[in-house]
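Notes for the one structure printed next.
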Number of protein chains: 2
Amino acid sequence: MTSSSNFPNQFQQQSLDLINSLIAIDAAVFYLVDPDLQHKGVVRYKLSPATEIDYQKKFGHLDPLSPDKFHNSSDKVITLSAQLSEQQLYRSEYYQQFMAPNQQRYVADILLRQQQRIIAVISVIRSPAASDFNPQELALLNKLQPFFEYALNAVYLPKRVAERQSLQEKYQLTEREVDVLELIIAGLSNKLIARELMVELATIKTHLIHIYKKTAVATRSELLALIISDLKQQH
Amino acid sequence: MTSSSNFPNQFQQQSLDLINSLIAIDAAVFYLVDPDLQHKGVVRYKLSPATEIDYQKKFGHLDPLSPDKFHNSSDKVITLSAQLSEQQLYRSEYYQQFMAPNQQRYVADILLRQQQRIIAVISVIRSPAASDFNPQELALLNKLQPFFEYALNAVYLPKRVAERQSLQEKYQLTEREVDVLELIIAGLSNKLIARELMVELATIKTHLIHIYKKTAVATRSELLALIISDLKQQH
DNA sequence: TTAGCTATCCATCTAATGGTGGATAGCGGG
DNA sequence: CCCGCTATCCACCATTAGATGGATAGCTAA
């Protein structure tokens, strides 16, 4: 109910749901590092927004699995255990300051590329109470990787980027205004949009007033009616 | 701004705008007597809603140009002057009680038929300060009639009826709920919907809550998002 | 460097919307 | 004749959305 099929990150959500149905995980996150949609495609599974903000602002660059370290490899799936010994991990600032407080112990990252470059990562996470990903599980993730990579590159990203560009050009919106409009079209309330974009409610209201001016409407309902009208005219 | 192209009675509005641009009129009304869309297609031009309610409830049956009197004729355009002498008109209850208080003196009706039966009427009205419709003007209205009749029968009604049926079947709505939903999709506020359907605001709210239940949404925005999502999936 | 654009945030106020729990009246089928 | 459905109306209340009139900071191009 909360996420209709208009929800911009439906693809990520479906991907995480699939993985969750196939192997036991305690948390997961799907994030884009694509230049067109930077940090606009984050979907969490059993991870608090606070953890996400913490990661982005303070710990991302310490992550042993940080994507910039793997652009020149051809790995499909990488694990924390393959990068660090147990001792090295326990001694690291990243583990002590970020992973341990957030109940994270085992991590496997599915790397999704576009011509070598990593454009998205699916991180699957297990708590200290669980055991490490076994070879069968890693084999499964390796088999899933090509499909995710194909769907992301061939279906989701082109469609998503095209829709954003169309909205942006049609109404002369800024990037951020398109972010807001996408979520308006998904039917979210201002409060939920603020939560999703991790800004204050006041900010969303300001963006909305600007969108209303640019689209020459007076209310959210008129804005949605305009979108519907445009869709119908594209016959 | 107030009426986007989703507005259900856009066709009637455009028709009245055309007539108004071609000949001098003081008021006009386009109403459907089509069995599928009875009293759902009324569009007024310079006529108060109160006048319309008055006509429908009290004076419609007294109208010398009332459509039921002309089903067996083949007239395209009829005028008050051709039906009644000036003396007969001034003596009539209809003139004294309805026309005179509403500043109406001259009337010409364009009759739009579907196989003989009149399914819609465009009434053009002039005040006592104006003069009667002259032969040139009546000739013009007679020339416009075939086009209006064609567009109504071939384009507007089939499309409108199909859209209503689709909404009604998809969400199992009542007739009245479809009336409300059409106007929601046009982006109208509850107050404007109430005005348009000539009922109280409370009635619209009740209908809306029923629509939300049937479509499994919680707010107007989610409802509009659902419509958008359905439109997109019809590829 | 100054001006303009973008993105963020804020307080206060009013208007609009939605939820609850009713009531009434007409219509049609069992 | 009663039941269920439809359409209408009502009061009260809580939440949400929008309007106004700001402020700050970063970035960029003249």
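The chains referred to below are lettered A, B, ... by the order of the sequence lines, with proteins before strands, and numbering in each begins at 1. Just so you know, these numbers use all the heavy atoms, side chains as well, and skip hydrogens, waters and symmetry mates.
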**Asked** Nearest-Å distance, CG (B/Leu223) to P (D/dT16)?
**Response** 18 Å
**Item:** Whole-Å distance separating the CD atom of B/Glu200 from the C1' atom of D/dA11
**Value:** 13 Å
**Prompt:** When the distance from CG of A/Asn190 to P of D/dG18 is rounded to whole Å, what number comes out?
**Reply:** 6 Å
**Asked** Got a sec, which residues hit side chain to side chain contact (heavy atoms under 4.5 Å, CB included) with B/Gln103, two or more places apart in sequence or on another chain?
**Response** B/Pro128
**Asked** Which comes earlier along DNA chain D counting from the 5' end, the contact point of A/Lys191 or that of A/Thr206, where each point is its nearest nucleotide?
**Response** A/Lys191
Pairs: protein N or O with nucleotides 3-5 of chain D N or O, under 3.5 Å:
none

**Prompt:** Which part of the nucleic acid, if any, lies within contact of B/Thr203, taking any heavy atom under 4.0 Å across all strands shown: a base, the sugar-phosphate backbone alone, or nothing?
**Reply:** base
**Request:** Would you indicate whether B/Lys191, at its atom NZ, is surrounded by more than 12 heavy atoms from other residues, nucleotides or ligands within a distance under 6.0 Å?
**Result:** no
**Asked** Taking atom P of D/dG21 as reference, at what distance in whole Å does atom NE2 of A/His210 sit?
**Response** 14 Å
**Prompt:** Between which nucleotides of DNA chain C, read 5' to 3', does contact with chain A run, using atoms under 4.0 Å from its heavy atoms?
**Reply:** C/dT6 to C/dC10
**Message:** Any donor-acceptor pair under 3.5 Å linking the side-chain atoms of A/Arg113 with those of A/Ser73?
**Reply:** yes
**Message:** Please confirm whether the shortest side-chain N or O distance from B/Arg176 to OP1 or OP2 of D/dT6 is below 4.0 Å.
**Reply:** no
**Complete:** Residue set satisfying ring pair (Phe, Tyr, Trp, His ring centres under 6.0 Å) with B/Tyr171, at least two apart, ordered chain then number -> none
**Prompt:** For A/Leu208 and B/Leu197, take the nucleotide of DNA chain D holding the closest heavy atom to each; which residue's nucleotide lies nearer the 5' end?
**Reply:** B/Leu197
**Asked** Taking only residues two or more places apart in sequence, or in another chain, which ones meet A/Tyr45 in a ring pair (Phe, Tyr, Trp, His ring centres under 6.0 Å)?
**Response** none
**Asked** Take atom NZ in A/Lys159; do more than 12 heavy atoms of anything else shown fall under 6.0 Å from it?
**Response** no
**Item:** Length of the CG-C1' vector between A/Leu201 and D/dT15, whole Å
**Value:** 12 Å
**Item:** Interatomic distance where CG belongs to A/Leu188 and C1' belongs to D/dT15 [whole Å]
**Value:** 16 Å
**Prompt:** Just by distance, with hydrogens left out, do A/Tyr156 and A/Asn9 show a side-chain donor and acceptor under 3.5 Å apart?
**Reply:** yes
**Prompt:** How close or far is atom P of D/dC10 from atom CD1 of B/Ile204, stated in whole angstroms?
**Reply:** 13 Å
**Prompt:** Taking only residues two or more places apart in sequence or in another chain, which ones pass ring pair (Phe, Tyr, Trp, His ring centres under 6.0 Å) with A/Phe70?
**Reply:** none
**Item:** Test side chain to side chain contact (heavy atoms under 4.5 Å, CB included) applied to B/Gln145 and B/Ile110, B/Leu111, B/Ile122, the passing residue
**Value:** B/Ile110
**Item:** d(NZ, B/Lys213; P, D/dT6) in whole Å
**Value:** 13 Å
